[in-house]
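The next block holds one structure in the form of C-alpha cells; read it before the comments.
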Amino acid sequence: MADQEFTQIRLDKLTRMRELGHDPFAVEKFEFKHSAQELLDNFDALVAEDQEITFAGRIVAMREMGKASFLQLSDGDGRIQVYIKKDDLGETGWEISMLLDLGDHIGVAGKLFRTRTEERSIHVSVITPMSKSLHILPLGKEKEGESWGKLSDVEQRYRHRHLDLLANPEARKMLINRAKIVSAVRHYFDQEGYLEVETPLLQLEAGGAAARPFLTHYNADVPKVYEVGRVFRNEGVSNRHNPEFTMLEFYEAYVNLEDMMTRVEECFKFVCLEVFGSTTIDLGGHSFDFEKPWHRVDLLESIEKFSGIKPEELRDFDSAKAAMARVGLPTAKENNLGGIIEKLLERFVENELQEPTFVVGYPIETSPLAKKDPNRPGFTRRFEGYIRGREVCNAFSEINDPIDQRERFEQQLGARAAGDDEAHPMDEEFLYALECGMPPAGGCGIGLDRMAMMLLGSEHLREILMFPMMKPEQD
RNA sequence: GAGCCGGUAGCUCAGUCGGUAGAGCAUCGCCCUUUUAAGGCGUGGGUCCUGGGUUCGAGUCCCAGCCGGCUCACCA
C-alpha cells in the first residue's frame with residue numbers, strides 16, 4: 001500500500017471518529033498528574049488508594065486481542081501499558097478505540113492493576129483520542145532492551161528529528177542533557193553574580209575567523225559578564241564541526257589567569273552536579289572527577305615532554321623550523337614562531353592530555369588579544385583547557401593597554417597582508433574603548449556544544465544538536 | 001575542498017553471473033476479552049536517488065550529478 005493510500009485510510013478513520021461524536025483535534029486540555037515512570041515507581045501505593053487515574057501519551061505499541069486490546073502509551077520519558085476491553089468502554093467507546101493507530105495521542109482514565117503476567121497497567125474505562133497520526137511511524141519493536149526496525153538512517157534521523165526523538169530514547173536523552181548543560185552553565189554564572197549580555201550578530205566583522213567573534217565592549221563598566229551566543233563558521237562539517245554552534249564567553253575584571261582556571265573548574269563541577277548529580281562521570285572507560293583541580297602544565301614544557309623538542313630550540317623561527325622538520329612535520333606553510341609552537345602542541349601534546357589539564361603560556365603571534373607575559377618575551381598570559389585530548393576552553397588576561405593592543409592589531413594586519421586571512425582585523429571602536437580606560441580582566445571562551453559532547457561522551461557533535469546542518473533534499 | 005563507501009516498500013534490510021524485485025516489521029481483511037517482538041489465516045504496497053550511456057535486456061556495468069556516512073584538510 002502506497003503511503004498516500006495509507007494516509008487516506010487514516011483520514012477515513014478520523015472522519016468516522018468525528019461521526020461517532022469525538023473530534024480528536026478539537027481537544028485542547030487533558031489533565032493528568034503522573035508521568036509513566038511515576039505511575040510505575042509508585043504503583044503499589046497508587047493501587048492501594050484505588051483511585052481512578054488519568055494519563056496521556058502516544059500509542060507506541062498495540063496488541064489487539066479481539067474484543068480487548070493492549071496499548072503502550074509513551075509520554076516521551078517512559079511508557080506504560082494500557083488495557084482496554086469492549087465491556088468497559090461501551091459500544092461507542094469501543095468503536096472509537098478500534099479506530100486508533102500507532103502514533104496517535106490519547107488520554108485514558110481508569111484504575112491501575114497488574115495483568116496475569118504482572119505487567120503494571122491501566123485498566124481503562126474512558127479513552128480520549130487527541131490526535132491522529134496520518135503516517136506510518138518508524139517505531140520498530142523492542143524486547144528486553146533490544147529493538148528492531150526502528151528509524152536508524154542517520155540522514156533521516158536528523159532530517160526528521162521528531163521521529164528520531166520518539167524512536168530513539170538515547171537520542172532524546174542526549175539532546176535533553178545538552179539543554180540541561182547549557183542551562184546549568186547559565187545557573188553557575190548567574191549565581192556567581194555575572195550579568196548575562198547579548199552582543200549583536202549582524203554587525204560582526206565579516207571573516208573574523210580567528211580567535212573570538214565577540215569583542216569585549218561591555219566589560220569596561222560591568223565587572224562580570226557572560227554571553228551564550230551563536231557563532232558561525234564557514235568551514236567544513238565533521239563530527240566535531242557545525243557551521244553554527246553555541247559559544248560561552250565570560251569576562252571578569254580584576255582577576256588573573258589562576259582565577260579564570262578556578263572559574264572553569266568550578267563551572268564544570270557545578271554543571272556535573274546539576275546535570276548528573278555527581279562530580280564524577282565515566283567517559284570512555286575512565287572515571288573523571290571534577291571535584292579535583294585540573295592539571296597545570298607549561299606549554300613549552302609539555303612540548304618537550306611529548307616531542308623531545310627543548311624550549312631553547314623554540315626561541316627563534318629558524319631553529320624552531322629546523323626542530324619541526326627534525327620530528328617529521330611539514331614546515332612549508334609556517335611563517336612565524338608562534339604558529340610552529342601551536343602546531344607542535346597540536347601534534348604532540350593535545351592527544352596526551354586525557355585528564356583535565358590547563359596548558360599555560362601561548363605565543364604572542366597567535367594571541368592578539370592576550371596580555372604579554374612580563375617575564376617571558378614572545379609569550380602571553382593565556383591558557384587552554386583540555387579533556388580527553390580535546391580543547392574545551394581558551395582563556396587569557398585581556399589586554400587593557402590601548403597602545404599594546406594597537407600594536408597587536410597592526411601586527412595582525414601585517415600577517416593579513418602576508419596572506420594570513422585568519423589574522424585579526426583592526427577594530428577602532430574596541431581601541432577607543434580601551435583608550436577610555438578598562439580595568440584588568442580575564443576572559444574565557446568555552447564551546448558549549450563540545451562541552452556537552454565531552455560530558456555526554458558523544459563522538460558526534462550532531463548528536464547533541466537538535467538540528468544539525470543538512471543540505472536541502474532534492475524534490 | 002580531497003579520497004573511500006553508501007542510497008531498493010512507511011521502517012530495517014536482502015537481491016547471485018545483466019534476464020521485468022524479495023523478507024521481517026508496519027499496513028489492510030478475518031479470528032481471538034490479561035497480551036507484551038502477542039498469535040493464526042489471508043492481502044496489498046516499488047520514479048530500485050536523479051539524468052545520460054552500453055546492451056536484445058540494467059537495481060546490477062560505465063559516465064555525470066544530488067544527498068548521506070567515514071577518513072583527511074580547515075578549525076572551535
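The figures here come from the full heavy-atom set of this structure, side chains too, leaving out hydrogens, waters and symmetry mates. Throughout, a chain's letter reflects where its sequence line sits, starting with A, and its residues are numbered from 1. These figures come from a predicted structure and were not determined experimentally.
When rounded to the nearest whole Å, the span between CZ of Arg157(A) and P of rG69(B) equals 11 Å. In this structure, the CZ atom of Phe6(A) is 15 Å from the C1' atom of rG29(B), given to the nearest Å. In this structure, the CZ atom of Arg233(A) is 18 Å from the C1' atom of rA73(B), given to the nearest Å. Rounded to an integer number of Å, the gap from CD of Glu144(A) to P of rA38(B) is 12 Å. Between the CG atom of Asp12(A) and the P atom of rU27(B) there is a distance of 16 Å, given to the nearest Å. Between Met62(A) atom CE and rC25(B) atom C1' there is a gap of 14 Å when expressed in whole angstrom units. As a whole-Å value, the separation of Lys67(A) NZ from rU35(B) P is 17 Å. Here rG69(B) presents its P atom at 7 Å from CD of Glu155(A), a figure rounded to the nearest Å.
The nucleotide rC28(B) finds its pairing partner in rG42(B), both defining distances of the Watson-Crick or G-U wobble pair being shorter than 3.5 Å. rU33(B): no Watson-Crick or G-U partner with both key distances under 3.5 Å is found in any strand. Across all strands shown, rG59(B) forms no Watson-Crick or G-U wobble pair with both key distances under 3.5 Å. Remark: rG68(B) base-pairs with rC5(B); criterion is Watson-Crick or G-U wobble with both hydrogen-bond distances under 3.5 Å. Across all strands shown, rC74(B) forms no Watson-Crick or G-U wobble pair with both distances under 3.5 Å.
Closest-nucleotide positions on RNA chain B for Met469(A) and Asn242(A) were compared, and the one nearer the 5' end corresponds to Met469(A). Projected onto RNA chain B by closest heavy-atom contact, Glu244(A) and His460(A) fall at different nucleotides, the more 5' of which corresponds to His460(A).
In this structure, Gln156(A) reaches neither bases nor backbone, as no heavy-atom distance under 4.0 Å exists between it and the strands shown. Here Arg390(A) lies out of heavy-atom contact (under 4.0 Å) with every strand. Residue Asp101(A) is classed as a sugar-phosphate contact, given heavy-atom separations below 4.0 Å to backbone atoms only. Among the protein residues, Glu64(A) comes within range of the nucleic acid bases, having at least one heavy atom under 4.0 Å from a base atom. Using a 4.0 Å heavy-atom criterion, one finds that Leu137(A) contacts no nucleic acid atom at all. Lys150(A) comes within 4.0 angstrom of the backbone, heavy atoms only, and of no base. Nucleic acid contact class of Glu119(A) (heavy atoms, under 4.0 Å, all strands): base.
A stacked arrangement is not assigned to Phe70(A) and the six-membered base ring of rA38(B), the conditions of a centre distance below 5.5 Å and an interplanar angle below 30° not being jointly met.
Between Lys111(A) and Ile53(A), the closest side-chain pair of non-hydrogen atoms is not below 4.5 Å. The closest side-chain heavy-atom distance from Lys321(A) to Ile340(A) is below 4.5 Å. Side-chain atoms of Tyr386(A) and Leu345(A), non-hydrogen and from C-beta on, do get closer than 4.5 Å to each other. Side-chain contact between Leu71(A) and Gln81(A) is absent, with no heavy atoms from C-beta onward closer than 4.5 Å.
Taking only distance into account, the side chain of Ser152(A) never meets the base of rU12(B) through a donor-acceptor pair shorter than 3.5 Å. With hydrogens and angles ignored, a donor-acceptor pair under 3.5 angstrom links the side chain of Arg63(A) to the base of rU35(B).
Nearest nucleotide to the Lys13(A) side chain, out of rC28(B), rU34(B), rG68(B): rC28(B). If you check rC13(B), rC67(B), rC70(B) against the side chain of Arg462(A), the one that comes closest is rC70(B). Each of rU33(B), rC74(B), rU35(B) was ranked by its minimum atom distance to the side chain of Tyr83(A); first place goes to rU33(B). Distances from the side chain of Ser238(A) to the nucleotides rU33(B), rA73(B), rG68(B) place rA73(B) closest. The side chain of Lys143(A) approaches rA37(B) more closely than any other nucleotide in the set rG68(B), rA37(B), rC28(B). For Lys141(A), counting side-chain heavy atoms from C-beta on, the closest listed nucleotide (rU33(B), rA37(B), rC74(B)) is rA37(B). Closest to the side chain of Met65(A), from the set rU35(B), rA26(B), rG10(B), is rU35(B). The side chain of Ile9(A) lies closest to rC28(B) when the candidates are rC67(B), rU34(B), rC28(B).
Taking only side-chain nitrogens and oxygens, Lys471(A) comes nearer than 4.0 Å to OP1 or OP2 of rC67(B). Asn239(A) has a side-chain polar atom (N or O) that falls below the 4.0 Å cut-off from OP1 or OP2 of rU71(B).
rA38(B) and rU33(B) are spaced 14 Å apart, taking the C1' atom of each and rounding to whole Å. On the C1' atoms, rC13(B) is 14 Å away from rC48(B), given to the nearest whole Å. For rC63(B) and rU55(B), the C1' atoms lie 16 Å apart once the distance is rounded to whole Å. For the P atom pair drawn from rA14(B) and rG6(B), the interatomic distance equals 11 Å after rounding to whole Å. Comparing rU20(B) with rA26(B), their P atoms sit 30 Å apart, to the nearest whole Å. Across rU43(B) and rG29(B), the matching C1' atoms stand 7 Å from one another, rounded to whole Å. Comparing rG19(B) with rA58(B), their P atoms are spaced 11 Å from each other, to the whole Å. rG65(B) and rG59(B) have their P atoms separated by 22 Å, with the value rounded to a whole Å.
Looking at Asp41(A) and Gln37(A), their side chains do bring a donor and an acceptor atom within 3.5 Å of each other. In this structure, a donor-acceptor pair under 3.5 Å is present between the side chains of Tyr188(A) and Glu266(A).
In this pair, His160(A) and His162(A) present their aromatic rings perpendicular. The plane angle is above 60°, beyond the 30 to 60° band. Ring pair Tyr194(A)/Phe189(A) is perpendicular by interplanar angle, where above 60° counts as perpendicular and below 30° as parallel.
Aromatic pair His424(A)/Phe409(A): ring centres closer than 6.0 Å.
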